[in-house]
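Have a look at the structure below, then the notes.
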Amino acid sequence: MKKMNRLRTAALAAASFASLFAFCGAGWAQRPEPQQQPQVQQQQQPLQRSVVRVPTPFVENGAPVTLEMVIYKPDGAGPFPTVVFNHGSTGIGNDPALFKQTWAPERTARWFTQRGWLIAFPQRRGRGQSDGLYDEGFTAKREHYSCEPAIALAGFDRAVADLDAAVAWLQRNPDVDTRRMEIAGQSRGGILAVAYAGLRPDVFQGAINFVGGWMGDKCPGNTADAINPVTFRRGAAFAKPTLWLYGENDPFYAMSHSRENFEAFRDAGGKGRFESFTLEPGMNGHGLIGQQGLWGKAVEAYLAAP
């Protein structure tokens, strides 16, 4: 009997941790992109990569805050059409070492620059080598991300403020064609892209959402339903169509939850197209960003649309 109790206790502990991992923000957005490296390595030209410091109006601990932004330029002379690509979260938010990893995947950058696009990866406060505290919705003791709607939504607003600073810097950059700017993102960056396009409706020509959401759909008490659709609705003011790309077998956002978010966006007046993809057996749908063979044609067509 004692042995059975120990086994039952261990099983409950494992289930509790799995639930916590699942309901929190999407960690594949921060880790190296799944399936990003081709099986056969080929000689490729190095990309034109630069890192800039973006000024902000923020001051923390008496010091001005600047943000890291990684920029990849295509060949030739600018100005270039530009995509602002936003990062996601760090799993359950319980490993500060992940906060300091810059997310600017080269393979994604190469896909866009080969098609003539400049791509910029801003790192929000406390992420990568950006200054400031990473504070996009944590529990009181910062053990992990919070499923409490008020806290999570305040974290989203903080991300919007950071993106304001990054976009303002890009609009002053002579390499950027401000008449042809798109916004995109992965996971938390995806929902940020759609919502931000609606909050700043005159800045971008389009918004691309890769597996977007702010909190995973397994938050206790279904509180994600008071976070994700509410946030997506903020993008409904964007007058042009958006593109939503999701993979089956996503442990953070079930396809049914993501479709419900899309319908909430459309019911609020938003325009867009929702596309779902089936990855190879055993592959994690949240890693769709690494599957350019699946989404490439859809994104090419979207970028080419007037």
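A quick note: this is a predicted structure, and the numbers were derived from the prediction, not measured.
Here T82 contributes atom OG1 and I119 contributes atom CD1; the two are 10.0 Å apart, rounded to the nearest 0.5 Å. Rounded to the nearest 0.5 angstrom, Q123 CD and D131 CG are separated by 12.5 Å. For the atom pair CH2 of W214 and CD1 of I227, the computed distance is 10.5 Å after rounding to the nearest 0.5 Å.
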Requested in this report: List the steps and the verdict of salt bridge (Lys or Arg N to Asp or Glu O under 4.0 Å) for E263 and R259.
Outcome: CA-CA 6 Å; E263 291 307 316; R259 289 188 181 278; over 6 Å; no
Report task. Apply the test side-chain contact (heavy atoms from CB on, under 4.5 Å) to residues L243 and L245: give CA-CA distance (whole Å), side-chain angles for both, the deciding distance (0.1 Å), then the verdict. Result -> CA-CA 7 Å; L243 180 61; L245 307 170; 3.8 Å; yes
Query raised in the report: How far apart are the C-alpha atoms of R188 and M215, what are their side-chain angles, what is the distance that settles it, and do they pass the side-chain contact (heavy atoms from CB on, under 4.5 Å) test?
Result: CA-CA 8 Å; R188 279 193 169 188; M215 290 302 297; 3.1 Å; yes
Requested in this report: Could you give me the CA-CA distance, side-chain angles and deciding distance for R49 and K73, then say whether side-chain contact (heavy atoms from CB on, under 4.5 Å) is met?
Outcome: CA-CA 7 Å; R49 183 184 190 272; K73 288 171 52 177; over 6 Å; no
Query raised in the report: Stepwise, does the side-chain contact (heavy atoms from CB on, under 4.5 Å) test hold for L303 with R115?
Result: CA-CA 10 Å; L303 295 174; R115 290 157 178 80; 5.7 Å; no
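In terms of the ring-ring contact (aromatic ring centres under 6.0 Å, His included) criterion, W169 has no residue partners (sequence neighbours excluded).
Side chains of Y145 and T139: a donor-acceptor N/O pair is absent below 3.5 angstrom, by distance only. For the 3.5 Å distance criterion, the side chains of K240 and Q205 qualify, holding a donor opposite an acceptor. Under 3.5 Å, the side chains of Q48 and D75 contain a donor-acceptor pair of N or O atoms.
Residues R53 and T66 come closest through the heavy atom pair NH2-OG1, 3.0 Å. Contact between A197 and A207 at its shortest, heavy atoms only, is CB-CB, 4.0 Å.
Using the six-membered ring where Trp is involved, Y72 and F121 have ring planes that are perpendicular, over 60° apart on the 30 and 60° scheme.
Cation-pi geometry between R107 and W111 is not met at under 6.0 angstrom from the ring centre and within 45 degrees of the axis. Judged by a 6.0 Å distance limit and a 45° cone about the ring axis, R180 is not positioned over the six-membered ring of F80. Cation-pi geometry between R142 and F138 is met: the NZ or CZ atom falls under 6.0 Å from the ring centre, inside 45° of the normal.
Tested against Y246 for a ring-ring contact (aromatic ring centres under 6.0 Å, His included), the candidates Y253, F252, F274, F262 yield a single pass: F274. Exactly one residue among F238, F232, W244 makes a ring-ring contact (aromatic ring centres under 6.0 Å, His included) with F265. That residue is W244.
Sorted by first then second residue, the salt bridge (charged side-chain N to carboxylate O under 4.0 Å, His left out) pairs that include residues 146-171, not counting sequence neighbours, are E60-R158, R125-D162, D157-R234, D164-R200.
At least one donor-acceptor pair under 3.5 Å links the side chain of N249 to the backbone N or O of M283. A donor-acceptor contact shorter than 3.5 Å links the side chain of R124 to the backbone of H87. Within the 3.5 Å criterion, the main-chain N or O of G78 finds no donor-acceptor partner in the side chain of D175.
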